[in-house]
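The chains referred to below are lettered A, B, ... by the order of the sequence lines, with proteins before strands, and numbering in each begins at 1. Since the model is a prediction, treat every value here as computed from it, not as a measurement.
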Number of protein chains: 2
Amino acid sequence: MPLTPKGAATRQRIVEGAAEQIREHGVFGARLEDVMARTATSKSQLFHYFPGGKDDLLLAVARYEADRVIEDQQPELGALTSWGAWWQWRDKLLARYRAQGANCPLHTALAQLGRATDAARTVTCELLAQWQRQLAAGIRHLQADGATDPRLDADREAAALVAGIQGGVLILMATGTTTHLEAALDSGLARLRGPAADRAGLAGS
Amino acid sequence: MPLTPKGAATRQRIVEGAAEQIREHGVFGARLEDVMARTATSKSQLFHYFPGGKDDLLLAVARYEADRVIEDQQPELGALTSWGAWWQWRDKLLARYRAQGANCPLHTALAQLGRATDAARTVTCELLAQWQRQLAAGIRHLQADGATDPRLDADREAAALVAGIQGGVLILMATGTTTHLEAALDSGLARLRGPAADRAGLAGS
DNA sequence: CGTTTTCTGGACTTGCCGGTCCATTTTTCG
DNA sequence: CGAAAAATGGACCGGCAAGTCCAGAAAACG
């Protein structure tokens with residue numbers, strides 16, 4: 001199915017509109033009608049671009065959001081080559097979630113498990129894996145520089161970090177406070193940094 | 001509204017049945033009909049015991065599950081007075097989630113945000129707070145025994161632990177593997193334990 | 001033992017929302 | 001310019017599941 005520029009634009013508009021809708025009202029409160037209204041499209045367009053119906057659209061949104069999560073952390077996440085970079089990444093991540101508040105794209109995908117199951121699950125896993133991979137790379141970099149304990153299992157520590165972040169965001173969604181996310185990040189980084197000294201306040205961004 | 005023993009039993013049966021249904025099929029895949037079939041009750045009974053309808057029932061389930069989450073970690077969680085107790089708690093928690101796999105009662109509540117919003121949010125927050133409180137108490141105990149760095153902020157570390165656990169469970173739900181949950185727990189405990197030595201394999205339960 | 005309250009059964013209503021269909025307009029391209 | 005393909009509009013259908021209602025069975029209670 002060839003897509004004319006116009007078509008591609010519409011499709012994109014739909015995905016973005018749906019993403020917004022979901023961010024604001026959750027996956028459950030995302031009726032096709034709302035998306036239609038928000039994006040000024042008709043039902044036939046939705047089904048034209050997403051023949052698989054709602055699941056299809058949701059999957060596209062999941063992919064879209066998954067990409068954004070990673071992108072929003074760049075370039076820091078991709079170049080965790082010094083402690084400075086790590087702090088900057090930490091601050092950026094925190095700022096991002098603090099700003100957006102009650103939403104986690106991961107949940108967009110996650111909440112779908114059981115519908116577009118396999119596909120959504122794949123997207124989620126891929127996102128997590130990519131995230132973890134980049135963190136692990138950063139840890140290895142620190143190790144190579146002798147900036148952290150070389151005996152640490154980089155992958156495992158990265159996994160722990162990712163878990164902490166996810167949990168922090170989850171709790172942010174539930175409670176509206178970023179304390180847990182902060183705690184998870186700071187505690188995780190402190191562990192990497194070693195027993196030396198914890199980072200008391202939050203230094204320069 | 002006084003409840004006869006029979007009535008109370010029925011009500012309880014409904015809550016438990018609904019909880020099961022949700023565990024197996026998610027909050028979305030939990031139709032009242034399913035609950036009725038599973039608990040051998042009729043629709044009028046549902047609305048008799050939960051006048052507020054589905055939201056009301058869901059809230060009751062959230063409360064029920066929240067209690068279980070804490071209870072299932074006892075007595076260890078309530079008496080984290082030694083490293084041994086901490087490891088046992090770790091193993092118990094891991095076993096619990098490994099067994100139940102694709103479910104997190106917290107999500108039961110969480111997914112409702114936007115429906116029975118305030119009430120569900122309260123339940124969730126209370127659960128988190130309680131969890132964190134008990135962990136913090138355990139950390140303070142370690143500090144009192146000189147078993148861990150007294151400079152650590154117990155509340156903050158407890159918050160980080162809770163976040164790691166939540167994220168680990170979340171990822172368990174998405175991927176089916178417990179690696180992240182394990183990593184979060186082990187990394188968190190290792191941090192408490194100090195730079196001394198990480199716990200390589202998983203020692204005695 | 002009879003009345004009152006609680007409990008139970010299940011038919012019925014209602015509204016929502018995903019999905020289908022076809023007619024119409026707009027774009028592409030030889 | 002004209003046919004084919006793509007894009008759009010919106011009426012319509014159908015089913016599902018929440019919620020309502022009333023009638024009848026079973027307890028409670030004096």
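- One interatomic measurement links the two molecules: CZ of B:R13 to C1' of C:dC7, which rounds to 11 Å at whole-angstrom precision.
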Nucleotide N/O to protein N/O under 3.5 Å, stretch nucleotides 9-15 of chain D:
residue : atom : partner : partner atom : Å
D:dG9   : OP2  : A:Q45   : OE1          : 2.7
D:dG9   : N7   : A:S42   : OG           : 3.4
D:dG9   : N7   : A:S44   : OG           : 2.3
D:dG9   : O6   : A:S44   : OG           : 3.3
D:dG10  : O6   : A:S44   : N            : 3.4

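- Summarising the geometry, the separation between OH on A:Y49 and C1' on C:dG18 is reported as 20 Å, rounded to the nearest angstrom.
- What separates CE of A:M36 from P of C:dG19 is a distance of 13 Å, to the nearest Å.
- A salt bridge links A:D186 with A:R90; the closest basic N to acidic carboxylate O contact falls under 4.0 Å.
- Between the side chain of A:S82 and the main chain of A:A85, a donor-acceptor pair closer than 3.5 Å is present.
- Rounded to a whole Å, the NE2 atom of B:H48 is 16 Å from the C1' atom of C:dG10.
- For the pair A:E76 (side chain) and A:L93 (backbone), a donor-acceptor distance under 3.5 Å is absent.
- A straight line from CG of B:D34 to C1' of D:dA17 spans 10 Å, rounded to a whole angstrom.
- Judged by distance alone, the side chains of A:Q73 and A:W131 do bring a donor and an acceptor atom under 3.5 Å apart.
- The CG-P distance, from A:L46 to C:dG18, rounds to 10 Å in whole Å.
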(request) For nucleotides 23-30 of chain C, just jot down a letter per nucleotide in 5' to 3' order: B, S or -, based on protein non-hydrogen atoms under 4.0 Å. (result) ---S-S--

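- Across the protein-nucleic acid pair, A:R31 atom CZ and C:dC17 atom P stand 4 Å apart, rounded to whole Å.
- Between B:K54 atom NZ and D:dG19 atom C1' the separation is 12 Å, expressed in whole Å.
- Applying the salt bridge (Lys or Arg N to Asp or Glu O under 4.0 Å) rule to pairs touching residues 37-50 of chain A yields A:E20-A:R38, A:E24-A:R38, sequence neighbours excluded.
- The number of heavy-atom neighbours closer than 6.0 Å to CD of A:E33, taken from other residues, nucleotides and ligands shown, is 12 or below.
- Using cut-offs of 30° and 60° on the angle between ring planes, the pair A:W86 and A:W89 is perpendicular.
- Minimum atom distance to the side chain of A:L3 is reached by D:dA7, of the listed D:dA7, D:dA17, C:dG18.
- With sequence neighbours left out, the side chain to side chain contact (heavy atoms under 4.5 Å, CB included) criterion links B:A160 to A:A183, A:S187.
- For A:E71, there are no side-chain hydrogen bond (donor to acceptor under 3.5 Å, both in side chains) partners two or more places apart in sequence or in a different chain.
- There is a side-chain donor-acceptor pair under 3.5 Å between A:H180 and B:Q132.
- Taking five base pairs at each end of the helix from C:dC1-D:dG30 to C:dG30-D:dC1, the local helix axes there meet at an angle of 20°, rounded to 10°.
- In the model, B:S42 has a side-chain atom that pairs as donor or acceptor with a side-chain atom of B:Q45 under 3.5 Å.
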